[in-house]
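Numbers here simply count residues along the sequence, with the first being 1.
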Amino acid sequence: MPAQIISAVPVPFTEDGSLDLTEFESVLRTIDPHVDGVLVAGTTGEFPALDDDERVELFRVAAEVLGAARVVAHLGHGSTRQVLRLAAATADLGISRFALLSPYYLPTDDDGVVAFFRALTEAFPQADVYAYLFPERTGMDVPVEVLRRVLALPGMVGVKLSGGAAARLTEYAAALQDGQELYSGDDATLPWVLEQGGTGVVSGVSSAFPETFSTLARALDAGDGEAAERAQASVKEVVGLTGPTIPRLKTAMAARTGAAWASRMALPAVDAELRGRIEAAVSQHG
């Protein structure tokens with residue numbers, strides 16, 4: 001399989017906190033030629049600040065622009081009841097690729113983790129489901145053996161690893177069954193992920209620098225080591241500037257598109273010096 005770039009698209013808000021669907025659609029059309037798909041309403045999409053009907057509307061727009069098959073809809077919620085309600089509305093749009101963050105906020109046990117995913121796969125047997133592990137956001141380190149049980153469920157097609165889970169990619173890779181996919185949320189590691197047998201990256205930064213990531217993926221697919229090395233250096237540069245926080249990424253998005261790209265959540269500000277460096281990178285790599 002060619003190197004896969006799934007763009008974890010941030011969600012644009014206006015300064016008053018309104019959802020800017022026009023800007024969202026515009027960004028999707030811009031990245032369309034450069035990425036293999038999008039993950040919508042994940043961590044980079046500030047999903048805890050979205051109403052369910054807003055998430056469904058974002059899914060709808062993404063499916064209209066890229067086609068439903070290229071949309072991975074994140075259904076993470078605090079309860080199975082909420083997950084299944086959101087999944088039903090998403091399936092009605094023709095989207096069948098779901099990502100589900102492991103249980104969060106209140107702790108559970110190993111059986112609770114498995115049951116959480118089983119509820120979705122049993123209710124929607126036609127869906128392709130990706131387990132989404134992000135220990136820093138969920139408060140839970142899912143053991144490899146528990147992930148193995150999750151991935152053994154019918155309908156589970158792979159896993160997306162972020163934060164500390166991405167650093168343990170080689171361990172988690174051992175839980176994969178034949179044909180299952182492995183994505184890292186660490187934007188700057190595509191060559192290494194592929195070397196470990198992974199599928200690709202789910203990258204927020206690729207939303208602001210889609211051409212840069214596309215150049216790297218094409219070079220890797222072609223086996224052009226020199227071109228891949230140059231492209232990887234560019235990827236590491238832009239990830240270092242914009243990857244650590246959503247406000248940095250949204251600064252890059254604003255520089256690229258001219259829209260506000262505000263956030264609803266209480267996030268740290270980007271100082272003037274760093275803003276200038278990010279804007280210069282957009283000008284250079286955009």
Side-chain angles (χ1 to χ4, degrees), residues 6-21 23-24 26-27 30-31 38-51 54-55 58 74 76-78 99 101-102 104-106 132-141 160-168 183-189 201-210 212-213 234-286:
I6 304 296
S7 195
V9 187
V11 173
F13 300 107
T14 61
E15 295 294 353
D16 68 0
S18 299
L19 185 62
D20 190 342
L21 287 175
E23 180 69 3
F24 184 68
S26 177
V27 165
T30 297
I31 68 175
V38 291
L39 174 69
V40 180
T43 302
T44 303
E46 299 175 68
F47 79 89
L50 293 167
D51 297 333
E54 291 177 321
R55 289 171 76 170
L58 290 165
H74 175 237
H77 248 310
L101 187 67
S102 62
Y104 58 87
Y105 193 72
L106 294 179
Y132 180 6
L133 307 186
F134 198 163
E136 290 84 353
R137 297 294 174 264
T138 61
M140 174 180 295
D141 263 313
K160 187 254 187 178
L161 306 172
S162 289
R168 298 176 58 194
Y183 290 92
S184 174
D186 187 343
D187 307 60
T189 60
V201 293
V202 177
S203 165
V205 179
S206 67
S207 299
F209 300 93
T212 305
F213 278 79
S234 294
V235 165
K236 290 182 70 174
E237 176 191 350
V238 297
V239 171
L241 277 174
T242 63
T245 69
I246 292 171
R248 290 189 184 193
L249 176 55
K250 286 196 163 184
T251 296
M253 298 300 294
R256 183 179 179 103
T257 71
W261 286 91
S263 292
R264 280 183 179 169
M265 304 183 79
L267 301 175
V270 177
D271 64 42
E273 187 273 336
L274 180 54
R275 181 178 299 274
R277 291 170 57 202
I278 292 172
E279 290 171 350
V282 171
S283 178
Q284 178 183 356
H285 297 282

Exercise: identify the closest heavy-atom pair between Thr257 and Trp261: OG1-NE1, 3.0 Å
Any donor-acceptor N or O pair under 3.5 Å, side chains Asp186, Ser184: no
Heavy-atom closest contact (Ala188 atom, Val235 atom, distance): CA-CG1, 4.1 Å
Side-chain heavy-atom pair His74, Leu101 within 4.5 angstrom cut-off: yes
4.5 Å side-chain heavy-atom contact, Leu21 and Leu58: yes
Between CZ on residue Arg264 and CG on residue Asp16, distance to nearest 0.5 Å: 9.0 Å
Shortest non-hydrogen separation from Glu136 to Gly164 and the atoms involved: OE2-N, 2.9 Å
Side-chain touch Val40/Arg55, heavy atoms, less than 4.5 angstrom: no
From Ile278, Thr251, Asp187, Leu274, residue fulfilling side-chain contact (heavy atoms from CB on, under 4.5 Å) relative to Thr242: Ile278
Shortest non-hydrogen contact between Ser206 and Ser7, atoms and distance: OG-OG, 3.0 Å
Student check: side-chain heavy atoms of Thr212 and Glu237 closer than 4.5 Å: no
Straight-line distance of Tyr132 OH to Thr43 OG1, nearest 0.5 Å: 2.5 Å
Minimum side-chain heavy-atom gap Phe209-Val282 below 4.5 Å: yes
Spatial distance of atom CD (Glu23) from atom CE (Met253) [nearest 0.5 Å]: 7.0 Å
Shortest non-hydrogen contact from Glu54 toward Ala49: OE1-O, 4.3 Å
Heavy-atom pair of closest approach, residues Ser207 and Pro10: OG-CD, 3.5 Å
Nearest-0.5 Å distance that lies between atom CZ in Phe213 and atom CD1 in Ile31: 11.5 Å
Residue pair Arg168 / Asp141, side-chain heavy-atom distance below 4.5 Å: yes
Under 3.5 Å: donor-acceptor pair, side chain of Thr138, backbone of Met140: yes
Side chains of Lys160 and Tyr183, donor plus acceptor under 3.5 Å: no
Donor-acceptor pair, side chain of Tyr104 and main chain of Gly78, under 3.5 angstrom: yes
Distance in Å, Ser283 OG paired with Arg256 CZ, rounded so as to fall on 0.5 Å steps: 11.5 Å
Side chain proximity check, Lys250 to Phe13, heavy atoms < 4.5 angstrom: yes
